[in-house]
2 protein chains.
Amino acid sequence: MQRVTIMDVAARAKLSPSTVSLYFRKPGAVSAAASASIARAIEALDYVPNLMAGGLAAASSRVASIIVPSVRNAFFAETVAAMQAELGKQRLQVMLGHTEYDEREEEDLVRTALSWAPAAIVLTGLSHSAVTRRLLRDSHVPVVEIWELGGEPIDMAVGFHHAEVGSMAASHLMQRGRKRLVFLGARLQEDRRAGQRAQGFVDTARSVPDVSAEIIRHPAPATAEVGAMLLAEALRRCPEVDGIACSNDHIALGAMFECQRLGVAIPGRLSVVGFGDLSFSAACNPSMTTIRPPGDLIGKEAARLLIARIASTDATTERAVIDTRFSLLHRQSS
Amino acid sequence: MQRVTIMDVAARAKLSPSTVSLYFRKPGAVSAAASASIARAIEALDYVPNLMAGGLAAASSRVASIIVPSVRNAFFAETVAAMQAELGKQRLQVMLGHTEYDEREEEDLVRTALSWAPAAIVLTGLSHSAVTRRLLRDSHVPVVEIWELGGEPIDMAVGFHHAEVGSMAASHLMQRGRKRLVFLGARLQEDRRAGQRAQGFVDTARSVPDVSAEIIRHPAPATAEVGAMLLAEALRRCPEVDGIACSNDHIALGAMFECQRLGVAIPGRLSVVGFGDLSFSAACNPSMTTIRPPGDLIGKEAARLLIARIASTDATTERAVIDTRFSLLHRQSS
DNA sequence: GAGGCGGATCGTAGCGCTATGATTTTCGGG
DNA sequence: CCCGAAAATCATAGCGCTACGATCCGCCTC
């Protein structure tokens with residue numbers, strides 16, 4: 001009573017193991033008669049291929065290792081889900097790793113990922129330890145970095161420029177006649193990309209005469225509670241504030257609720273712009289103006305790039321960098 | 001210029017491959033001197049172990065396959081993240097699969113998962129195809145089913161009874177003096193567990209004299225927009241409604257926003273109870289009464305069970321079933 | 001009817017590691 | 001110092017599959 005192998009299937013189908021192997025790898029290359037009898041044998045024996053043996057022999061596995069800060073974050077969850085859906089169609093497995101915004105952790109995850117001779121590795125952002133970069137380069141495994149553009153990618157990249165997001169938020173607020181701008185940011189040190197949005201925001205605002213802009217920070221992760229606290233602080237530190245941009249919609253929602261409690265009219269006295277277009281943003285009251293990052297598209301495009309690279313035998317495929325852009329959804333809060 | 005193997009490391013450390021292998025598998029069994037020289041060799045050669053070769057030889061891999069409906073859903077994202085954190089400490093990799101609430105898809109995912117000779121498989125819910133169950137039973141791989149209790153688990157289970165959630169919501173509303181109860185539910189057919197909550201809700205409510213309860217459904221996924229629509233319909237179909245429970249907090253939030261727009265006082269005229277305690281629930285205005293499922297705990301406990309089972313050589317470990325319970329957070333909306 | 005060609009099938013040598021039992025080394029006590 | 005047990009180390013036979021080149025077979029052409 002031991003494991004059914006490809007040999008058992010071959011014996012039962014009265015064919016050689018090579019043909020059965022071929023049946024899995026290049027179905028078109030096996031005759032219809034042989035295919036049918038192999039299929040019957042598989043069925044009868046309940047054969048489950050051993051992908052580790054296959055991967056070992058082929059010196060590469062059909063695994064894509066995806067490394068994100070955390071799948072608790074709706075942005076990355078969306079991208080991971082989209083990517084998994086696309087990769088799954090090509091029978092590529094997804095191995096998942098969480099860095100929790102820690103570069104050392106990421107390095108460990110990359111090391112482990114490489115132990116599986118993966119077909120591809122996906123990393124979040126462009127900022128990695130020197131060791132991570134070396135490991136990845138030496139491995140010759142296709143790499144896609146997602147959710148950030150603007151630096152030098154290791155290999156391929158799919159994402160957008162976060163500074164431009166901040167810039168767009170500032171422009172929008174100024175277009176609405178706002179001049180005293182504040183950026184509410186949670187966890188700006190760990191979350192480099194949120195930091196870039198903040199920086200883009202103040203840079204753009206301050207380049208215009210008569211407009212002031214400042215950043216108010218909180219070290220905790222972005223939640224509505226933190227948003228409420230940040231708004232209260234903004235009002236304290238800068239009572240004449242009339243335009244608010246937030247590091248994401250959680251913060252914006254908390255800020256809007258706090259305004260409601262304090263009787264600050266939105267958008268009458270204060271305009272609010274978020275980032276993310278989360279599940280509640282369109283529905284809330286007033287509905288939230290926000291900038292929508294295409295998390296889904298990032299996943300799809302990253303998968304597409306990887307699949308193309310894996311398929312192409314010649315390793316000279318170009319090192320694609322895809323700018324997915326993003327869009328501002330103008331709603332009632334501004 | 002080819003791959004560095006355990007042999008190369010052994011040669012450089014002037015030891016046998018077995019000892020190097022032992023160094024990875026049972027570090028304590030190797031002398032300090034040998035360990036040091038192996039560590040030096042690994043460093044010098046930049047050795048990356050090949051886990052597929054290891055898995056093949058050992059007939060089992062340090063991979064845990066986690067299969068959830070979708071990681072886009074914050075509940076499962078939380079559990080996956082918690083589980084990954086715990087499993088990662090034991091150097092167990094996570095492979096992720098998304099069923100999108102489709103049993104056939106799940107079956108495929110299980111089949112593929114088994115191809116990796118995983119150390120464990122995690123499934124969501126207790127409802128699976130007959131083939132899935134057979135495959136899993138025959139494989140002798142430890143299985144944990146999460147997020148649902150009440151049926152016959154394949155092996156182990158960690159979760160809670162969803163009918164009890166509905167029951168608790170109904171009891172709470174009745175305790176607050178509400179008698180015309182409505183359950184707002186999105187996607188109740190696909191999401192069996194939401195259906196169980198709805199059923200528990202009406203069963204409990206209807207067992208009390210003078211209390212009415214009905215379910216209002218929508219086939220789309222749970223979003224705040226759907227919640228707003230459902231609330232409007234509830235008011236239309238049952239104008240004297242005074243207590244609302246929702247299949248989750250997205251629905252509840254949408255319902256609350258819609259009440260705000262329609263001038264329906266919460267909790268004055270209408271009490272609202274959600275499910276999930278999502279990021280915005282405590283912060284919204286009025287703050288939302290909701291039932292919090294311990295997604296994090298489910299992940300931790302599932303991981304703990306798996307780790308214990310993997311460690312125990314004797315396969316006679318009991319088939320644990322852990323009821324994590326849940327709790328109602330009474331806030332302003334009820 | 002021989003020759004040749006292309007598609008289908010086959011035989012087999014590893015891929016890099018682990019498990020097992022064997023062997024060597026170490027060390028304390030008599 | 002020698003002995004025995006315990007600790008450390010070693011040698012080797014696969015794990016199940018794929019890749020490669022070899023072989024087979026049917027059919028068309030001249």
Side-chain angles (χ1 to χ4, degrees), chain A residues 1-38 41-42 45-63 91 112 114-119 139 310 313, chain B residues 1-38 41-42 45-63 91 112 114-119 139 310 313:
Chain A
M1 149 89 210
Q2 58 174 24
R3 197 179 171 101
V4 177
T5 73
I6 205 171
M7 307 276 246
D8 302 319
V9 174
R12 182 157 182 133
K14 301 210 197 307
L15 288 163
S16 76
S18 320
T19 308
V20 178
S21 173
L22 211 57
Y23 167 84
F24 284 111
R25 292 176 294 119
K26 297 182 186 149
V30 177
S31 71
S35 290
S37 100
I38 291 171
I42 289 172
L45 298 174
D46 241 341
Y47 171 63
V48 175
N50 184 329
L51 259 20
M52 288 192 298
L56 177 60
S60 122
S61 67
R62 293 193 71 75
V63 167
R91 326 235 84 219
T112 311
L114 288 175
S115 299
W116 287 99
S139 72
I310 292 168
T313 32
Chain B
M1 151 88 210
Q2 58 175 24
R3 198 179 170 100
V4 177
T5 73
I6 205 171
M7 310 273 248
D8 302 320
V9 175
R12 182 155 183 136
K14 300 209 197 309
L15 288 163
S16 76
S18 321
T19 307
V20 178
S21 174
L22 210 58
Y23 167 83
F24 284 112
R25 292 176 294 120
K26 296 183 187 150
V30 177
S31 72
S35 291
S37 100
I38 291 171
I42 290 172
L45 297 173
D46 240 341
Y47 171 64
V48 175
N50 185 328
L51 259 19
M52 289 194 296
L56 178 60
S60 122
S61 66
R62 292 192 71 76
V63 167
R91 325 237 84 217
T112 311
L114 289 175
S115 299
W116 287 98
S139 72
I310 292 167
T313 32

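Here is the naming used below: chain letters follow the sequence lines, and residue numbers restart at 1 for every chain.
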Does B/R25 place a side-chain N or O at less than 4.0 Å from the phosphate oxygens OP1/OP2 of C/dA19? yes
Pick the closest DNA chain D nucleotide for B/T19 and for B/L56 by heavy atoms, then say which residue is nearer the 5' end. B/T19
May I ask you to say what B/S18 touches in the nucleic acid, namely base, sugar-phosphate or nothing, with a heavy-atom cut-off under 4.0 Å? base
Rounded to the Å, how far apart are B/L45 CG and C/dG16 P? 14 Å
Nearest-nucleotide pick for A/A53, side chain only, options being D/dC17, C/dC17, D/dT18: D/dC17
Is there a side-chain contact between B/S21 and the phosphate of C/dT18, meaning an N or O under 4.0 Å from OP1 or OP2? yes
Any A/V9 side-chain heavy atom under 4.5 Å of A/Y23 side chain: no
Round to the nearest Å and state the distance from B/L51 atom CG to C/dT18 atom C1'. 12 Å
Return the value, rounded to whole Å, for the distance between atom CD1 of A/I38 and atom C1' of C/dT9. 10 Å
In whole angstroms, how far is the P atom of D/dC17 from the CD1 atom of A/I6? 5 Å
Under 4.0 Å between a side-chain N/O of B/Y47 and OP1 or OP2 of C/dC17, yes or no? yes
Closest to the B/S16 side chain: D/dC10, C/dT18, D/dT18? D/dC10
Distance-only side-chain donor-acceptor flag, A/T19 / A/S16, under 3.5 Å: yes
To the nearest 0.5 Å, what is the distance between CZ on A/R12 and OG on A/S37? 10.5 Å
Given D/dA19, D/dT9, C/dC17, which nucleotide is nearest the side-chain atoms of B/L22? D/dT9
note: B/N50, atom CG; C/dT18, atom P; distance rounded to Å ~ 9 Å
Per atom distances to the B/A34 side chain, the nearest of D/dT9, D/dC17, D/dG16 is D/dT9
Base, sugar-phosphate, or nothing: which does B/P17 touch, judged by heavy atoms less than 4.0 Å apart? nothing
For B/A58, which contact category applies under a 4.0 Å heavy-atom criterion: base, sugar-phosphate, or nothing? sugar-phosphate
Measure CG/B/L15 against C1'/D/dA7 and give the value in whole Å, please. 15 Å
Between atom CZ in B/F24 and atom P in C/dT18, what is the gap in whole Å? 8 Å
Picking from A/D8, A/V4, A/I38, what satisfies side chain to side chain contact (heavy atoms under 4.5 Å, CB included) with A/Y47? A/V4
Should A/S21 and A/I6 be marked as a side-chain contact (heavy atoms from CB on, under 4.5 Å) after you check the CA-CA gap, both sets of side-chain angles, and the distance that decides it? CA-CA 7 Å; A/S21 173; A/I6 205 171; 3.8 Å; yes
Starting at atom NZ of A/K26, determine the distance to atom P of C/dT9, rounded to an integer number of angstrom. 15 Å
